[in-house]
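Report on one structure; see the data block that follows.
Labels below follow one simple rule: chain letters A, B, ... track the order of the sequence lines, proteins then strands, and each chain is numbered from 1. Bear in mind that the values here come from a model prediction, so they are computed numbers and not experimental data.
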Amino acid sequence: MRVQMREGERARSSRLADHTTPFVRSEWYVAGLSGEIGRQLTARKLLGVEVLLYRREDGTPVALRNRCPHRSFPLSHGKLEGDVVVCGYHGLAFGADGACVRIPSQALVPSAVRAQNFPVVERAPLVWIWMGDPDQADPGAIPEHPWLHAPDYTHVGGYLHVKCNYIRLHENVLDLTHFPFLHGEAVGDLAYAQAPFEVAEAGASVRITRRLEDHPVNAGYGSAIGNLGHRVNRTSESWFKTPAFHVAHATIEDLEGGVGGRAEFHFKILHMFTPETATSTHYFWASARDVAIKDEALSEASRTRAVNTFLEDVEALERIEAIWSSEPDDFHEISVTGDRAGLLMRRIIARRAAEEA
Amino acid sequence: MRVQMREGERARSSRLADHTTPFVRSEWYVAGLSGEIGRQLTARKLLGVEVLLYRREDGTPVALRNRCPHRSFPLSHGKLEGDVVVCGYHGLAFGADGACVRIPSQALVPSAVRAQNFPVVERAPLVWIWMGDPDQADPGAIPEHPWLHAPDYTHVGGYLHVKCNYIRLHENVLDLTHFPFLHGEAVGDLAYAQAPFEVAEAGASVRITRRLEDHPVNAGYGSAIGNLGHRVNRTSESWFKTPAFHVAHATIEDLEGGVGGRAEFHFKILHMFTPETATSTHYFWASARDVAIKDEALSEASRTRAVNTFLEDVEALERIEAIWSSEPDDFHEISVTGDRAGLLMRRIIARRAAEEA
Amino acid sequence: MRVQMREGERARSSRLADHTTPFVRSEWYVAGLSGEIGRQLTARKLLGVEVLLYRREDGTPVALRNRCPHRSFPLSHGKLEGDVVVCGYHGLAFGADGACVRIPSQALVPSAVRAQNFPVVERAPLVWIWMGDPDQADPGAIPEHPWLHAPDYTHVGGYLHVKCNYIRLHENVLDLTHFPFLHGEAVGDLAYAQAPFEVAEAGASVRITRRLEDHPVNAGYGSAIGNLGHRVNRTSESWFKTPAFHVAHATIEDLEGGVGGRAEFHFKILHMFTPETATSTHYFWASARDVAIKDEALSEASRTRAVNTFLEDVEALERIEAIWSSEPDDFHEISVTGDRAGLLMRRIIARRAAEEA
Ligand code: FES
Ligand code: FES
Ligand code: FES
């Protein structure tokens with residue numbers, strides 16, 4: 001492969017995270033949905049590491065490394081006795097904190113025998129895990145997502161396993177210019193793709209904002225609100241909050257008197273990306289709204305629409321990942337104006353990964 | 001793996017190309033058959049690179065890198081609009097020369113945004129591609145193959161995907177000693193394998209010539225010519241012309257008066273090898289003759305015989321490639337006198353690859 | 001992966017063989033069962049190398065490298081003519097000693113053209129191979145296993161292909177503490193796992209001995225001997241003899257008068273591990289006894305019990321191998337007291353591999 005690249009470009013691209021960048025470990029990631037984690041031993045690979053998930057008898061979730069410190073047997077194939085996991089090979093038993101509590105063939109249990117324990121925090125319907133230095137694990141750093149709990153909101157959600165690096169998924173959700181091409185005009189037309197936007201970096205987060213004023217409400221929002229045909233102001237904010245979490249806010253301001261005594265309506269899409277390996281990602285998503293919250297049919301339609309759209313993204317991103325793995329790794333991609341937010345995000349991830357190295 | 005190898009041998013073998021040698025890029029390779037390339041977007045990996053093939057509205061073939069310069073989406077999953085390819089992810093559009101002609105989300109199109117374009121030349125029924133420096137692409141360097149176009153010839157041909165390095169295929173067609181062992185006596189008997197031969201190197205090509213005088217014509221040629229039972233002189237010339245192209249000429253001189261007023265008859269077998277990866281090859285072949293050119297049944301029989309023979313070669317070469325990948329890469333092969341042409345060919349490829357490095 | 005490891009530990013673990021340790025070549029390994037090797041050409045990968053096995057006309061077994069020295073064609077796809085193997089590609093022919101005896105396309109056969117020959121020795125029902133320096137191959141170094149030949153013994157045996165490194169299999173059979181956890185109490189109860197043991201290193205072998213005095217005979221031995229209900233002394237000796245061979249001796253001393261005029265009974269389990277690759281092993285086993293040697297039903301039951309038990313080991317070890325390949329290679333396992341024999345074995349293998357390097 002001979003790829004012409006000027007020195008300056010090469011230097012620049014080394015500051016952009018990609019699938020070769022080490023994972024950012026000092027971060028909270030979604031380990032699973034509350035409903036997935038129970039009294040059965042469940043294995044999931046997170047950030048390249050085999051993790052065991054289960055709940056204590058009191059219901060609190062636990063994450064241990066799914067690899068017995070003795071001879072690497074996967075603890076998920078052992079047994080849960082109370083809160084204690086018993087390895088299926090030689091019977092070493094580990095408490096929920098990872099400490100070994102029993103070695104059947106000897107009386108003494110040295111304190112060095114421990115399964116690695118990862119801090120977890122449940123914010124139903126999500127369970128979050130911290131895989132960096134446990135002493136740095138501050139639950140206050142979990143990004144807010146009140147729309148999944150608050151009584152004035154309803155949401156639908158789901159999970160997709162995606163065979164691409166998580167950074168490409170972040171780039172995809174920060175980029176609205178692909179809507180008419182990948183998803184068709186129903187999801188976002190050309191005017192929307194071309195609308196002016198603002199990109200703001202704040203700390204280690206990036207926000208891209210678009211505002212369309214005095215437009216007819218689009219079909220999706222209009223049928224949820226019940227104001228089809230009205231003119232509205234629409235503000236869309238896509239927010240890369242952390243390497244694990246992206247939220248898109250849409251605010252619809254009805255300019256023709258509103259519906260049911262309200263003129264402002266909110267829609268949220270949450271994208272939670274947890275790297276599995278360098279080339280695969282656990283993708284948890286949720287779509288919330290503060291209107292028609294009892295309307296089950298609407299929720300079902302919204303779930304279907306979301307899944308269909310995400311599957312189009314997944315198919316495109318998996319094709320791209322396949323190209324990266326089938327060709328030498330030195331291809332130089334060119335960015336356009338619409339990529340600004342994505343590039344900032346990749347710089348942030350590269351910087352955070354470098355800080356941990 | 002402990003393989004005894006003297007220093008001298010090691011040095012010698014480093015001058016012989018094998019599956020670890022980089023591809024020779026400054027060369028014309030067959031990208032496809034004319035009939036394979038049309039108005040649909042077609043993907044094919046050539047020399048390790050994903051290539052997109054299609055035809056302009058005026059019918060001329062186009063080859064672009066099948067990887068959008070923006071975010072690596074395979075252009076073959078986009079759309080063809082006139083001569084322009086529109087990427088299926090964000091809609092960037094590229095002309096047949098690779099220049100970007102549209103970025104939907106912005107007004108300005110920087111000239112640096114280009115899909116890589118590869119020179120192609122059609123010599124029906126073949127389309128040739130040049131994947132080296134485009135400035136060096138001289139269509140005059142495409143090896144002659146008039147027997148596929150000339151009115152006094154007819155040919156049959158086909159395509160095989162082979163899971164071995166292309167150099168082993170070249171070695172196979174330069175070597176006639178394997179005929180009775182791999183293919184059976186019908187294809188070439190022991191006398192033929194043992195016949196004296198001459199090897200000549202000319203520039204970067206190699207020719208091996210065998211001449212059998214005053215022998216009974218063999219069954220294959222005899223039934224085509226209609227001179228079964230006659231005594232003939234037979235000259236066989238196998239010619240490695242380029243890393244992409246090998247042609248075998250057989251000339252049969254009838255010593256008993258000939259048939260239909262002629263005493264000399266020509267048969268040609270063309271082997272066109274285009275590396276896909278280091279361990280797989282696109283194998284295009286054709287078999288031409290200047291006798292009985294309207295005889296469809298004969299053509300069909302000749303096609304069947306060729307395919308059956310080539311499949312035996314393919315099976316043997318795939319077994320060899322499998323051994324190379326299953327064992328450490330330091331095995332030292334020993335050559336015999338019959339390998340002289342193959343060794344020259346491997347030296348030429350090694351030298352050409354080194355020149356490009 | 002951040003794994004805390006003190007310098008001292010890292011140094012220690014580098015002296016323990018694992019799946020990254022080169023194979024010990026100067027050793028006799030089981031190449032196959034006598035019944036597997038005949039007049040057909042048989043391919044088997046041993047210690048990472050493709051090996052061809054067959055028998056001469058006089059019945060003696062032969063092992064050659066299964067790779068023609070000419071162009072790497074697998075000789076197993078050629079033909080056997082008398083004692084001579086004829087390659088299926090260009091017909092080079094090799095005697096049972098590996099010497100080339102014929103090159104069809106030339107008169108002279110240089111003595112350098114040889115297929116690699118490996119010393120083999122048959123001790124029915126096993127055929128042993130030596131893949132190190134042939135000059136060092138001393139059949140006297142094959143570990144004794146008279147229980148497979150002696151008239152006062154009977155045995156059952158079999159073969160399992162296991163997708164794990166052979167060292168994990170050695171570790172498994174040197175360790176009796178996993179019995180109640182992996183296999184259930186019928187194979188070995190907790191008392192047995194906790195019984196005191198002695199570990200002795202002798203030269204490059206390791207022996208672990210357990211003695212239970214004045215216990216009720218267990219079901220397996222009791223039903224073979226016919227002394228169910230009797231109290232017995234039981235001595236168990238597990239012996240790592242070579243990287244290829246492990247034998248477990250159980251001696252049952254009947255304390256209540258014995259059966260049929262005898263008070264002492266012997267049971268042997270032989271584990272023969274031949275590495276295929278770094279992550280797969282040919283596992284030959286046999287289970288012998290010197291009691292009820294005509295009892296076919298007992299033999300059948302003993303075979304079934306053995307296979308079922310070994311399959312549990314295999315499943316566990318394959319899960320462990322899978323974890324090692326799916327996670328980074330720097331995991332630090334912790335050992336317990338019961339691992340002493342296994343650690344000695346790993347030290348011996350590491351030392352022997354280092355001596356060969
Ligand atoms: S591997 Fe878990 S107890 Fe030994
Ligand atoms: S990847 Fe082709 S336009 Fe973006
Ligand atoms: S590869 Fe065996 S004879 Fe040529």
Side-chain angles (χ1 to χ4, degrees), chain A residues 22-23 25-26 43-52 65-79 81 85-94 98-100 102-116 118 131-134 136 276-278 280 356-357, chain C residues 1-6 9 16 18-19 164-165 167-168 171-172 174-185 188-197 210 312-313 315-340 342-343 346:
Chain A
F23 297 130
R25 300 200 162 263
S26 302
R44 179 166 276 165
K45 181 173 260 194
L46 305 173
L47 281 68
V49 173
E50 293 289 343
V51 174
L52 170 72
R65 185 144 182 184
N66 187 24
R67 182 168 180 167
C68 181
H70 177 227
R71 283 298 176 271
S72 292
F73 189 79
L75 293 173
S76 57
H77 287 282
K79 283 191 300 192
E81 294 181 351
V85 181
V86 181
C87 179
Y89 195 179
H90 310 90
L92 270 66
F94 303 91
C100 182
R102 189 168 67 237
I103 301 178
S105 60
Q106 71 189 55
L108 195 78
V109 176
S111 64
V113 184
R114 300 187 62 87
Q116 193 177 355
F118 303 102
M131 297 180 74
D133 177 356
Q136 313 273 323
E276 181 186 48
T277 68
S280 61
E356 291 190 8
Chain C
M1 293 315 86
R2 294 176 314 171
V3 175
Q4 269 73 41
M5 205 191 284
R6 289 191 312 271
E9 288 174 332
L16 290 177
D18 62 17
H19 58 286
C164 84
N165 181 274
I167 297 177
R168 293 193 220 290
E171 209 169 24
N172 177 266
L174 275 171
D175 152 45
L176 310 173
T177 68
H178 72 271
F179 282 16
F181 299 97
L182 187 60
H183 303 307
E185 306 260 320
D189 60 15
L190 200 52
Y192 183 63
Q194 291 170 338
F197 61 86
R210 268 182 168 77
E312 288 171 339
D313 291 311
E315 186 183 46
L317 295 173
E318 292 191 345
R319 281 183 179 140
I320 287 170
E321 193 70 54
I323 285 224
W324 275 100
S325 28
S326 111
E327 290 198 317
D329 221 6
D330 57 3
F331 189 76
H332 175 58
E333 292 178 343
I334 284 174
S335 295
V336 298
T337 310
D339 295 320
R340 189 133 48 94
L343 294 178
R346 289 170 64 187

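- In terms of non-hydrogen atom pairs under 4.5 Å with chain C, the most contact-rich of Tyr89(A), Phe73(A), Phe23(A) is Tyr89(A).
- With a 4.5 Å cut-off on side-chain heavy atoms, Arg71(A) and Asn172(C) do not count as touching.
- The choice from Thr177(C), Leu176(C), Ile320(C), Leu182(C) that makes the most heavy-atom pairs within less than 4.5 Å of chain A is Ile320(C).
- Taking the six-membered ring for Trp and the full ring otherwise, Phe181(C) and His90(A) have centroids separated by 6.0 Å or more.
- Of the possible polar contacts, none joining the Glu50(A) side chain to the Ala43(A) backbone as a donor-acceptor pair under 3.5 Å is found.
- The contact between Gln106(A) and chain C is made entirely by side chain atoms (from C-beta outward), counting heavy-atom distances below 4.5 Å.
- Using a 4.5 Å cut-off between heavy atoms, Leu317(C) touches chain A through its side chain atoms alone.
- Using a 4.5 Å cut-off between heavy atoms, Lys79(A) does not touch chain C at all.
- Side-chain atoms of Glu81(A) never come within 3.5 Å of backbone atoms of Val86(A) as a donor-acceptor pair (strictly under, hydrogens ignored).
- Within the 4.5 angstrom heavy-atom criterion, only side-chain atoms of Asp175(C), from C-beta onward, approach chain A.
- The pair Glu356(A)-Arg25(A) fails the salt-bridge criterion, with no side-chain N (NZ, NE, NH1 or NH2) lying under 4.0 Å from an Asp/Glu carboxylate O.
- Neither the backbone nor the side chain of Glu312(C) comes within contact range of chain A; no heavy atom of the residue lies under 4.5 Å from a heavy atom of that chain.
- Using a 3.5 Å distance cut-off with no hydrogens or angles, the side chains of Arg319(C) and His77(A) do pair a donor with an acceptor.
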